[in-house]
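Side-chain atoms are counted along with the backbone in the values below, which use heavy atoms only and exclude waters and symmetry mates. Numbers restart at 1 for each chain; the letters A, B, ... are given by sequence-line order, proteins then strands.
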There are 2 protein chains.
Amino acid sequence: MLEKSHRHVSCETCGARKDSLFGSFCEADSSNLNEHKTCNYFKKNQPLFIEGSNPRGVFCLNEGKVKIFTRGEEGKEQIIHIAKPGEIVGFRAMFSGEAYKVAATTLEECNICFINKADFLNMVDTNPVLRNGIMRELSKELADRATFITNMAQKSVRERLAFALVLLDDIYSQEMINLTREDLANFVGTATETLIRLLKEFKDDHLIETHARKIEILDKQGLMNLAGV
Amino acid sequence: MLEKSHRHVSCETCGARKDSLFGSFCEADSSNLNEHKTCNYFKKNQPLFIEGSNPRGVFCLNEGKVKIFTRGEEGKEQIIHIAKPGEIVGFRAMFSGEAYKVAATTLEECNICFINKADFLNMVDTNPVLRNGIMRELSKELADRATFITNMAQKSVRERLAFALVLLDDIYSQEMINLTREDLANFVGTATETLIRLLKEFKDDHLIETHARKIEILDKQGLMNLAGV
DNA sequence: GTAAAAAAATGATTTACGTCAGCTTTGAAA
DNA sequence: TTTCAAAGCTGACGTAAATCATTTTTTTAC
């Protein structure tokens with residue numbers, strides 16, 4: 001499935017681009033973008049960047065998913081976001097002038113384009129539509145994270161898991177959710193054992209079904225009710 | 001103390017401006033800003049804006065502090081940030097094109113300037129230094145919130161309280177921390193009773209002293225160690 | 001296809017923290 | 001200065017969820 005896409009993808013014809021911040025690009029912009037990007041294959045569990053390193057450019061997901069996470073004291077991951085094709089990863093640190101505070105690692109085999117810092121910043125500087133898109137994106141994410149914080153503070157693990165499954169169902173759209181139990185626990189913010197026990201309860205309640213690692217959502221509305229959304 | 005500042009403040013001479021996103025403004029910019037702002041007095045516990053309302057402009061804090069919060073299911077507040085003089089509040093929603101996802105309420109008597117949306121956006125559009133400052137600010141806050149989420153997920157209430165007190169000590173600089181126990185609990189993400197019990201433990205350990213509502217930090221390094229920072 | 005390693009699952013136990021209920025202190029307004 | 005509601009504090013108690021230990025299943029790599 002990745003076989004076919006494990007090659008150079010042109011921005012002009014990239015299906016993922018249309019959903020991205022570059023979606024509004026005219027032909028000239030797209031072709032310019034295409035000349036300034038490189039196209040790379042990443043295998044599963046391969047880091048795009050790690051905490052503390054200096055940003056050299058941005059990553060544009062063409063195929064596959066990427067987890068964005070920080071590490072707590074004992075190195076335990078807290079997954080902040082899971083990025084899907086069309087998303088641009090790593091652009092926040094372009095503007096802060098600081099090293100990465102988060103890390104990004106592939107969750108599956110991925111096809112990812114890279115645009116170096118100078119080229120990207122130049123595009124942002126000269127393209128008001130892109131710039132506004134980025135500011136809108138930054139603002140929306142800020143609001144999302146406020147909700148995330150509130151959920152962590154006030155909801156039970158059961159409610160947060162239900163909420164996470166609903167979010168993941170959108171991210172994985174037609175596919176089934178395919179994360180290790182540990183990654184899922186690190187997204188929900190709980191212990192792996194607790195997560196597994198709750199998944200079983202959700203199965204008993206016919207909200208989900210599991211196929212080995214994969215999770216199938218049977219009753220999305222039921223999960224939303226449980227999550228209090 | 002507020003008496004003297006409860007009047008029109010000029011941007012050209014505003015002490016708080018120098019620490020703000022408008023800090024780099026030249027004389028012409030400052031005077032332009034001054035003409036486009038209104039200066040308002042807010043009493044304690046007065047909302048600047050509430051969740052779900054539509055943004056009409058931004059608020060520039062000249063004196064006093066403001067809490068930024070969301071509400072969970074039963075209306076319980078989760079404080080995301082406490083803004084101090086020099087900070088500009090409410091500018092994120094300017095770019096997202098959505099209603100406020102958070103609310104802002106004064107924590108004390110405040111002197112706050114208001115710049116309406118069109119004027120502010122015009123400044124952002126025409127002033128690259130301001131714009132870059134805003135993008136930097138948005139990015140940094142995004143990183144801060146990732147840390148916040150991780151703390152909520154992985155740290156104990158005791159650790160989070162220690163961390164919060166260290167943060168608040170910076171925000172309140174020379175003054176003592178002066179928040180209701182409930183607000184402090186809503187910042188740490190815990191129950192008021194639990195917060196009070198932990199404050200007592202911190203007192204017993206000579207990390208803090210309380211003077212009625214006010215909290216004095218005795219051993220900041222000790223708190224940082226406890227917080228794991 | 002098989003072996004080894006990694007991940008998932010289950011059980012037993014502990015505890016940090018939330019909730020409820022009642023009492024005391026504080027500070028704003030009359 | 002007095003009053004009274006709001007805020008602060010304390011104790012008793014229950015439970016959600018973490019931790020640790022072990023077994024079973026799945027995945028990976030040869």
**Report entry** A:Thr190 side chain near D:dA18 phosphate (N/O to OP1/OP2, under 4.0 Å)
**Finding:** yes
Query raised in the report: Within this structure, what is the CD-to-P distance between A:Glu73 and D:dA18, rounded to whole angstrom?
Result: 17 Å
Requested in this report: Using atom types as modelled and distance alone, determine if a side-chain donor or acceptor of B:Thr194 lies under 3.5 Å from a backbone N or O of B:Thr190.
Outcome: no
Requested in this report: Ignoring backbone atoms, test whether B:Lys200 places a side-chain nitrogen or oxygen under 4.0 Å from the OP1 or OP2 oxygen of D:dT10.
Outcome: yes
Query raised in the report: What does A:Lys214 touch in the nucleic acid at a heavy-atom separation under 4.0 angstrom: a base, only the sugar-phosphate, or nothing?
Result: nothing
Report task. Indicate, with a heavy-atom threshold strictly under 4.0 Å, whether B:Thr192 touches base, sugar-phosphate, or nothing. Result -> nothing
**Report entry** Earlier contact from the 5' end, DNA chain D, for A:Ala212 and A:Ala191
**Finding:** A:Ala191
Requested in this report: Rounded off to whole Å, could you give me the NZ-to-C1' distance for the B:Lys76 and C:dC17 pair?
Outcome: 12 Å
Query raised in the report: With a 3.5 Å cut-off and just heavy-atom distances, do the side chain of A:Glu193 and the base of D:dC20 make a donor-acceptor pair?
Result: yes
Query raised in the report: Below 4.0 angstrom, N of the basic side chain to O of the carboxylate: do A:Glu98 and B:Lys140 qualify?
Result: yes
Query raised in the report: Think B:Arg213 has a side-chain N or O under 4.0 angstrom from the OP1 or OP2 of C:dG27?
Result: no
Requested in this report: Return no unless some side-chain N or O of A:Ser156 is found under 4.0 Å from OP1 or OP2 of D:dA16.
Outcome: no
Report summary line: Between CG of B:Leu198 and P of D:dG8 the distance, given in whole Å, is 15 Å
**Report entry** Spatial distance of atom OG1 (A:Thr210) from atom CE (A:Met176) [nearest 0.5 Å]
**Finding:** 10.0 Å
Requested in this report: May I have the distance from A:Glu74 (atom CD) to D:dC20 (atom P), rounded to whole angstrom?
Outcome: 11 Å
Report task. Looking at every strand, decide which applies to A:Thr180 at a 4.0 Å heavy-atom threshold: base, sugar-phosphate, or nothing. Result -> sugar-phosphate
Query raised in the report: Can you check the B:Leu199 CG to C:dC17 P distance for me, whole Å?
Result: 14 Å
**Report entry** A:His211 NE2: over 12 foreign heavy atoms closer than 6.0 Å
**Finding:** yes
Query - Polar side-chain contact A:Arg197-D:dT19 base: donor and acceptor under 3.5 Å - result: yes
Query raised in the report: In whole Å, what is the span from the CD atom of B:Glu182 to the C1' atom of C:dT26?
Result: 16 Å
**Report entry** Spacing of B:Asn186 atom CG relative to D:dG8 atom P, expressed in whole Å
**Finding:** 12 Å
Query raised in the report: Below 4.5 Å, heavy atoms only, C-beta onward: do A:Phe22 and A:Leu33 meet side chain to side chain?
Result: yes
Query raised in the report: When the nearest nucleotide of DNA chain C is assigned to A:Ile196 and to A:Ala153 on a heavy-atom basis, which residue is associated with the more 5' position?
Result: A:Ile196
